[in-house]
Number of protein chains: 2
Amino acid sequence: MSKEKWTEAGEAVTALILDIFRLNSRLLLTGDRLVADLGLTSARWQVLGSIAYAEQPQTVAWHARSMGHHRQGIQRIVNELKAEEIIEFKANPQHKRAHLVLLTPKGQDLFDAAIERQIPWVNALSSDVKPADLEATRRVVHQLKTRLEQD
Amino acid sequence: MSKEKWTEAGEAVTALILDIFRLNSRLLLTGDRLVADLGLTSARWQVLGSIAYAEQPQTVAWHARSMGHHRQGIQRIVNELKAEEIIEFKANPQHKRAHLVLLTPKGQDLFDAAIERQIPWVNALSSDVKPADLEATRRVVHQLKTRLEQD
DNA sequence: TCACATTTGACAATATATTGTCAAAATAGC
DNA sequence: GCTATTTTGACAATATATTGTCAAATGTGA
């Protein structure tokens with residue numbers, strides 16, 4: 001016998017969460033395909049994006065936190081990207097061991113190439129989404145994300 | 001020099017995707033915590049949900065497809081759940097080897113217990129989301145998911 | 001009915017993610 | 001300044017996910 005009941009919003013968010021799980025896995029899969037022959041994966045691409053869009057060069061731990069991933073996982077990817085000269089380390093004036101990560105010119109080119117593919121893909125994907133719906137979606141997703149990140 | 005440009009919607013969806021990645025990982029993390037002491041994880045819970053809500057008992061491969069996961073990953077989890085007598089197999093009249101999966105009474109109790117925790121959690125999480133925004137969000141997420149699943 | 005493709009679970013190999021520990025370095029509180 | 005706590009990268013162990021292969025079973029098309 002159930003004591004608790006969903007509110008209307010609770011029920012809707014429950015259904016939304018299940019759809020988000022599936023959407024997330026589809027996005028990763030599609031992303032993998034989109035950049036596979038560039039030597040990238042969704043995971044690598046996401047790391048490059050975090051580096052490319054950071055206001056300042058940052059440490060591995062910072063990027064991991066920022067993406068909501070484990071430090072060790074990002075470190076592994078960053079080490080690979082370093083070996084392939086896609087990123088490089090720069091001395092950190094604030095910390096002797098925690099170097100700052102930045103894109104090499106080759107890494108920047110690679111990231112640009114990925115973006116060149118992402119643009120027509122995402123434009124097509126989003127072409128018949130209503131702008132008002134899209135705004136609302138960004139509000140909700142951002143709100144949920146922020147709430148969950150507070151713990 | 002970039003040849004392509006984002007449409008407004010394309011730019012918004014790009015930002016949305018990044019937020020969805022983070023929201024997804026937070027949801028998994030929070031889900032793990034919510035049911036950890038029941039002996040569940042987000043992954044196990046999701047499998048139980050797929051079994052519990054299926055109209056008919058289904059095969060492992062069906063559930064994997066339905067969740068957008070690999071057959072082998074779901075098989076591994078199902079085998080564990082079987083060993084713990086949370087699910088059981090039933091002979092499939094249509095297929096000699098591909099058995100149907102269903103919850104045992106113990107499994108049903110476990111799933112109910114998880115739901116009992118999920119309800120107050122999701123009610124609180126969604127309490128100040130505007131109903132109209134929520135509807136729009138479900139539309140958009142569903143639309144994007146459906147589009148990506150067509151490939 | 002018969003060949004041929006597809007689906008399925010089992011199994012194995014590999015890749016990736018997660019968790020834990022350590023010591024160096026930095027930060028906070030005194 | 002000095003100690004305690006926190007952050008960080010390195011390393012290792014484990015867990016989980018992904019990919020590939022196989023043979024049994026089913027489905028498909030002549």
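Every heavy atom of this structure was used, including side-chain atoms; hydrogens, water molecules and symmetry mates were not. Chain A is the first sequence line, chain B the second, and so forth, proteins listed ahead of strands; every chain is numbered from 1.
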Determine whether more than 12 heavy atoms belonging to other residues, nucleotides or ligands lie under 6.0 Å from atom [atom1] of [X].
X: B/Glu80; atom1: CD; result: yes
X: B/Glu8; atom1: CD; result: no
X: B/Lys130; atom1: NZ; result: no

Is [X] near enough to [N] that one of its side-chain N or O atoms lies under 4.0 angstrom from OP1 or OP2?
X: B/His99; N: C/dG9; value: no
X: B/Arg76; N: D/dA17; value: yes
X: B/His95; N: C/dT7; value: no
X: A/Arg71; N: C/dT19; value: no
X: A/Gln72; N: D/dA10; value: no

inquiry  = Can you work out whether A/Thr41 or B/Leu29 has the more 5'-proximal nearest nucleotide on DNA chain C?
reply    = A/Thr41
key: Upstream residue (5' side of DNA chain C) when A/Gln94 and B/Val60 are each assigned their closest nucleotide   = B/Val60
[X] [atom1] - [N] [atom2] separation (whole Å):
X: B/His69; N: D/dT16; atom1: NE2; atom2: P; answer: 14 Å
X: B/Lys96; N: C/dA10; atom1: NZ; atom2: P; answer: 16 Å
X: A/Asp32; N: C/dA15; atom1: CG; atom2: P; answer: 16 Å
X: B/Asn92; N: C/dT8; atom1: CG; atom2: P; answer: 10 Å

ask   = Between the main-chain N or O of A/Gly10 and the side-chain N or O of A/Thr14, is there a donor-acceptor pair closer than 3.5 Å?
value = yes
When you measure from the side chain of [X], which nucleotide among [options] comes out closest?
X: B/Arg97; options: D/dT8, D/dT16, D/dA23; answer: D/dA23
X: A/Glu80; options: D/dG9, C/dT8, C/dT16; answer: C/dT16
X: A/Gln75; options: D/dA17, D/dG9, C/dT8; answer: D/dG9

message = Please classify the nucleic acid contact of B/Arg44 as base, sugar-phosphate, or nothing, using heavy-atom distances under 4.0 Å.
response =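 If one applies the 4.0 Å heavy-atom cut-off, B/Arg44 turns out to touch nothing in the nucleic acid.
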ask   = Is the closest side-chain donor-acceptor distance between B/Ser42 and B/Asp32 under 3.5 Å?
value = yes
